[in-house]
Visitor: 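Handing you this structure, nothing more for now.
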2 protein chains.
Amino acid sequence: MLPVDPLRDLPGYALRRASSAAMQKLSRELVPLDLRPSEASVLLVIDANANITQSEIGRMLEIAGANMAPLIGRLEKRELVERQPVDGRSQGLVLTAAGRALCARARKVMTSHEENLMARIPANQRAAFVAALQSLWDSDQ
Amino acid sequence: MLPVDPLRDLPGYALRRASSAAMQKLSRELVPLDLRPSEASVLLVIDANANITQSEIGRMLEIAGANMAPLIGRLEKRELVERQPVDGRSQGLVLTAAGRALCARARKVMTSHEENLMARIPANQRAAFVAALQSLWDSDQ
DNA sequence: TATTGTTATACTCTATAACTATA
DNA sequence: TATAGTTATAGAGTATAACAATA
């Protein structure tokens, strides 16, 4: 007798499995760049917002401050990011030349990843799909 | 100047944030039952498939065998699940009376959670939304 | 008082390797 | 040889608590 999967048709479970599969795939695609998805995301955010502080990044991406410190530390140690004092307690972050180069490669990987995901969904449903995801993302009440 | 979020409109990123928000919410809702989402899922699977083995559950839910052992161990220690030898190396799993009672409560929590999620999405888009998620879930190539 | 940045710590989920017992 | 179950271990993400320096 074939086993029954009582979770298969639950939207929340499908959401979890889809997200997990997509993240695993992206992680593998970023291996050649020696970046994790969270690190690549932070590079893109700094590139789009020169002199942003790490607490601002944390609020934007919902990464707790305690976890931003080692993440930024790794990027700084690899000389992808530089800190520039804003005031006595805040530091603006900017990409180095190497950081901009790696960010460009990361953007290509992520863009390609996104296109491959969306290719699975009928074109006329994509906008509704993303809108539905964004409405769930604020449902954490 | 307001910071720019270059990730906000990427479907894959929206997928990750939506999944993360939903999982955090479900985790909180399961706290009174002292169950994690993965434990609740396993209870539902055993309830729907008496005498299923833990390796079969692992294949269904994509939980590695190495991680099933401590998970089932916790459920057995709480006397929610019993092991019954199938052959020399396999054991069928069944719920105890306490396990069935807790499973029923977990099902209520999960069903309510699913309904609250879907309430955010227009009714005429829900089927397409779940179908899109299921097609992504197999995109881990 | 509140915020920024940081360290330390712990928990969950996940991943790999190695091992036994059995098929 | 392949599979079931287990143990140990490590990585990654996330969470809280605590602290110093600054606003």
Side-chain angles (χ1 to χ4, degrees), chain A residues 3 13 15-17 19-31 33-42 46 51-77 81-93 140, chain B residues 3 13 15-17 19-31 33-42 46 51-77 81-93 140:
Chain A
Y13 186 72
L15 178 62
R16 177 184 181 183
R17 290 290 294 266
S19 173
S20 166
M23 288 303 298
Q24 282 181 23
K25 183 163 164 289
L26 179 60
S27 289
R28 283 198 305 272
E29 291 165 346
L30 286 170
V31 164
L33 279 62
D34 194 19
L35 288 174
R36 305 171 197 171
S38 58
E39 292 169 341
S41 300
V42 166
I46 298 174
N51 283 297
I52 193 171
T53 66
Q54 72 184 52
S55 58
E56 286 174 317
I57 300 173
R59 278 189 294 271
M60 182 184 292
L61 303 184
E62 275 197 3
I63 301 176
N67 304 318
M68 285 299 302
L71 196 164
I72 299 295
R74 287 192 300 272
L75 298 178
E76 193 184 25
K77 193 172 180 183
V81 164
E82 280 178 354
R83 294 174 149 108
Q84 301 182 336
V86 171
D87 60 29
R89 63 181 179 179
S90 295
Q91 295 156 320
L93 300 173
D140 186 8
Chain B
Y13 186 73
L15 178 63
R16 177 184 180 184
R17 291 290 294 266
S19 173
S20 166
M23 288 303 297
Q24 282 182 24
K25 183 163 163 288
L26 179 59
S27 289
R28 282 198 305 273
E29 292 165 346
L30 287 170
V31 164
L33 279 62
D34 193 19
L35 288 174
R36 305 171 198 170
S38 58
E39 293 169 339
S41 300
V42 166
I46 298 174
N51 283 299
I52 194 171
T53 67
Q54 73 183 52
S55 58
E56 287 174 317
I57 299 173
R59 279 190 294 271
M60 182 185 294
L61 302 184
E62 276 196 5
I63 301 176
N67 302 320
M68 285 299 302
L71 196 165
I72 298 294
R74 287 192 299 272
L75 298 179
E76 193 185 23
K77 194 172 181 183
V81 164
E82 281 178 354
R83 294 173 148 107
Q84 300 182 337
V86 170
D87 60 27
R89 64 181 177 180
S90 297
Q91 296 155 318
L93 301 173
D140 185 9

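Predicted model, so just to flag it, every value in this text is computed and none were measured. Chain naming here is simple, since letters A, B, ... match the order of the sequence lines and numbering starts at 1 in each.
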Visitor: Whole angstrom is fine here: how far is it from CG in B:Leu71 over to P in C:dT12?
Guide: 11 Å
Visitor: Just by protein heavy atoms under 4.0 Å, how would nucleotides 1-11 of chain D read 5' to 3' in B, S and -?
Guide: -BBSSBBB---
Visitor: B:Met60 and A:Arg17: which non-hydrogen atoms are nearest, and at how many Å?
Guide: O-NH1, 3.3 Å
Visitor: Please state how far atom CG in B:Leu30 lies from atom P in C:dC13, giving the value in whole angstrom units.
Guide: 11 Å
Visitor: CE of B:Met23 versus P of C:dT12: gap in Å, rounded?
Guide: 13 Å
Visitor: B:Glu76 versus B:Glu82: any side-chain heavy-atom pair under 4.5 Å?
Guide: no
Visitor: Could you state the atom-to-atom distance from CD of B:Gln24 to P of D:dT14 in whole Å?
Guide: 8 Å
Visitor: Report the C-alpha separation of A:Ser41 and B:Arg16 in whole Å, then their side-chain angles, then the decisive distance to 0.1 Å, and conclude whether the side chain to side chain contact (heavy atoms under 4.5 Å, CB included) test is met.
Guide: CA-CA 12 Å; A:Ser41 300; B:Arg16 177 184 180 184; 4.1 Å; yes
Visitor: Give one of base, sugar-phosphate or nothing for B:Ser38, where a contact means two heavy atoms less than 4.0 Å apart.
Guide: sugar-phosphate
Visitor: Rounded to whole angstrom units, what separation is found between the CG atom of A:Leu26 and the P atom of D:dA12?
Guide: 14 Å
Visitor: Would a 4.5 Å heavy-atom cut-off, applied to side chains only, mark A:Asn67 and A:Leu71 as touching?
Guide: no
Visitor: Contact between B:Leu30 and B:Arg36 at the side-chain level, heavy atoms closer than 4.5 Å - yes or no?
Guide: no
Visitor: Rounding to a whole Å, what distance do you find between B:Asp87:CG and C:dT22:P?
Guide: 10 Å
Visitor: What is the separation between atom CD1 on A:Ile63 and atom C1' on D:dT14, rounded to the nearest whole Å?
Guide: 10 Å
Visitor: With a 4.5 Å limit on heavy-atom distance, are the side chains of A:Val86 and A:Gln91 in contact?
Guide: no
